[in-house]
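Below: one structure, written as structure tokens.
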Amino acid sequence: MPIHSTDITLSLQGASSEIAVITLNRPAKRNALNDGLILALRDIFQGMPSGVRAAVIHGSGEHFCAGLDLSELSERDAGEGLHHSRMWHAALDCVQAGPVPVVAALHGAVVGGGLELASACHIRVADETSFFALPEGSRGIFVGGGGSVRIPRLIGAARMADMMFTGRVYKAADAERIGLMQYLVPTGTALDKAMELATRIAGNAPLTNYALMHALPRIAEQPADQGFFTEALIAAIVQSAPEAKARVRDFLEGRAAKVSKD
Ligand code: 1HE
């Protein structure tokens with residue numbers, strides 16, 4: 001697997017090495033994302049070992065990620081800027097539409113391209129130290145890593161525009177209120193919680209996870225009539241898998257867990 005950076009690591013964890021833990025490992029620069037790191041992230045997802053069933057992304061040090069490495073933003077002309085943004089799009093597409101569901105474990109700064117990366121993940125878990133911002137607005141630039149597509153789908157275009165117009169920083173509790181993350185957890189526990197969730201996700205039938213990653217976002221963008229039809233097709237395919245039949249039988253014969261509120 002050609003990895004272009006030593007600033008990111010992949011380790012396989014879980015009882016059957018079914019969880020890929022991806023660590024942004026450039027704490028001295030607050031895990032700022034340079035080109036090598038972005039390409040290495042892409043390579044990790046493209047070359048994911050076949051036994052992996054879920055992934056977790058987190059950052060080492062005090063912060064998840066300070067966004068684009070601004071020291072590389074020097075003399076790009078318009079064409080180079082276009083290709084640079086498209087390179088980010090391709091890499092983050094490998095995260096969102098890749099082989100396995102991805103849980104982001106967030107703490108400290110989740111800013112600029114760091115928020116764009118977090119937005120490409122399927123679940124965001126953040127601890128009390130996390131804060132969220134889009135400093136592109138005040139740096140005289142624009143998001144380029146897919147943020148203008150993904151972030152409004154989480155919090156709405158008006159809130160994203162406010163973050164960029166005014167430099168608004170959302171602390172953890174307010175970020176949860178507006179939908180930037182699904183889980184808010186005590187300081188220092190985001191990675192543990194993300195691992196717990198990834199372990200549960202890894203235990204699902206693979207075709208159900210595939211449908212959630214690849215069918216649900218498409219259905220959500222379709223007109224209702226087409227969405228209902230796509231849903232019926234996907235439901236039929238997923239339920240026909242032998243694993244689905246075995247799981248339903250397990251429940252009917254008392255071997256599977258009930259839904260419980262505790
Ligand atoms: C960096 C970067 C970076 C830190 N590129 N070098 N992102 C930003 O505009 C955010 C800029 N960063 C910050 O606001 C702060 O660094 C943090 C709030 C994230 C963290 O603060 P702190 O006090 O813990 O760290 P620091 O002292 O500011 O930074 C430590 C070092 O990391 C320092 O370098 P040093 O050599 O002086 O030690 C910083 O220069 C360096 N550093 N952040 C480069 N981002 C696809 S388009 C996406 C567009 C964007 O993401 S724009 C938003 C960029």
Side-chain angles (χ1 to χ4, degrees), residues 4-8 23-43 45 57-97 102 104-121 124 126-155 157 159-172 174-175 180-181 187-188 190:
H4 296 254
S5 174
T6 53
D7 296 330
I8 186 166
T23 307
L24 305 176
N25 195 23
R26 202 187 175 210
K29 296 291 180 185
R30 307 314 186 242
N31 299 322
L33 300 167
N34 55 28
D35 288 0
L37 233 160
I38 288 294
L39 291 171
L41 181 71
R42 177 200 66 188
D43 290 348
F45 277 86
I57 296 186
H58 73 122
S60 64
E62 298 299 307
H63 302 281
F64 173 67
C65 177
L68 176 71
D69 186 327
L70 291 168
S71 69
E72 285 190 350
L73 189 83
S74 44
E75 300 294 323
R76 272 187 215 119
D77 66 20
E80 289 160 347
L82 167 71
H83 291 302
H84 182 260
S85 172
R86 296 298 287 157
M87 185 262 282
W88 270 66
H89 292 165
L92 296 197
D93 189 56
C94 290
V95 176
Q96 183 167 30
V102 186
L106 307 173
H107 72 296
V110 184
V111 303
L115 179 51
E116 295 185 282
L117 169 58
S119 303
C121 299
R124 282 156 294 283
D127 83 8
E128 298 278 359
T129 68
S130 60
F131 58 97
F132 300 77
L134 291 169
E136 288 89 338
S138 59
R139 308 257 183 261
I141 55 178
F142 193 66
V143 287
S148 58
V149 172
R150 294 191 179 99
I151 297 169
R153 291 190 161 105
L154 298 176
I155 62 173
R159 286 201 183 95
M160 174 171 171
D162 175 31
M163 290 173 79
M164 292 189 69
F165 277 136
T166 68
R168 181 169 183 169
V169 177
Y170 279 97
K171 292 187 199 164
D174 282 339
L180 274 169
M181 79 282 239
T187 300

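Indexing begins at 1, ligand by ligand and atom by atom, following the structure's order.
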(message) I'd like to check which ligand 1 atoms, numbered from 1 as shown, lie under 4.0 Å from a non-hydrogen atom of Glu116.
(response) 46 (C), 47 (S), 48 (C)
(message) Among all protein heavy atoms in this structure, tell me which lies nearest to atom 49 (C) of ligand 1, with the distance rounded to 0.1 Å.
(response) Glu136 OE2, 3.2 Å
(request) Tell me which protein heavy atom sits closest to atom 51 (O) of ligand 1, plus the residue, atom name and distance to 0.1 Å. (result) Gly113 N, 2.7 Å
(request) Starting from atom 21 (O) of ligand 1, locate the nearest protein heavy atom and write down its residue, its atom name and how far away it is, to 0.1 Å. (result) His63 NE2, 4.1 Å
(request) Please check if the side chain of His107 supplies one atom and the backbone of Gly61 the other of a donor-acceptor pair under 3.5 Å. (result) yes
(message) I want to confirm something. Looking only at heavy atoms, which of Ala91, Ala66, Gly112 is nearest to atom 43 (N) of ligand 1?
(response) Ala66
(request) Quick one: look up the protein heavy atom nearest atom 45 (N) of ligand 1 and list residue, atom name and how far away it is. (result) Leu68 O, 2.9 Å
(message) Any side-chain to backbone donor/acceptor pair from Ser85 onto Gly81? Under 3.5 Å, distance only.
(response) no
(request) Flag atom 32 (O) of ligand 1 as yes if some protein heavy-atom distance to it falls below 4.0 Å, otherwise no. (result) yes
(message) Only heavy atoms of Ala109, strictly under 4.0 Å: list the atoms of ligand 1 that pass.
(response) 19 (C)
(message) Counting only heavy atoms, tell me which of Lys29, Glu72, Arg30 gets closest to atom 34 (O) of ligand 1.
(response) Lys29
(request) Kindly identify the option in Gly81, Gly144, Ala32, Pro135 whose heavy atom sits closest to atom 53 (C) of ligand 1. (result) Pro135
(message) To check your reading of the model: name the closest protein heavy atom to atom 5 (N) of ligand 1, its residue, and the distance in Å.
(response) Leu70 N, 2.9 Å
(request) With heavy atoms of Ala28 as the reference, note each atom of ligand 1 found under 4.0 Å away. (result) 30 (C), 31 (C), 32 (O)
(request) State plainly whether the residues Asp69 and Arg26 are in salt-bridge range, i.e. N to O under 4.0 Å. (result) yes
(request) Give the residue, atom name and distance (to 0.1 Å) of the protein heavy atom nearest atom 9 (O) of ligand 1. (result) Arg139 NE, 2.6 Å
(request) Would you mind checking which non-hydrogen protein atom is closest to atom 18 (C) of ligand 1, with the distance to 0.1 Å? (result) Phe131 CZ, 4.1 Å
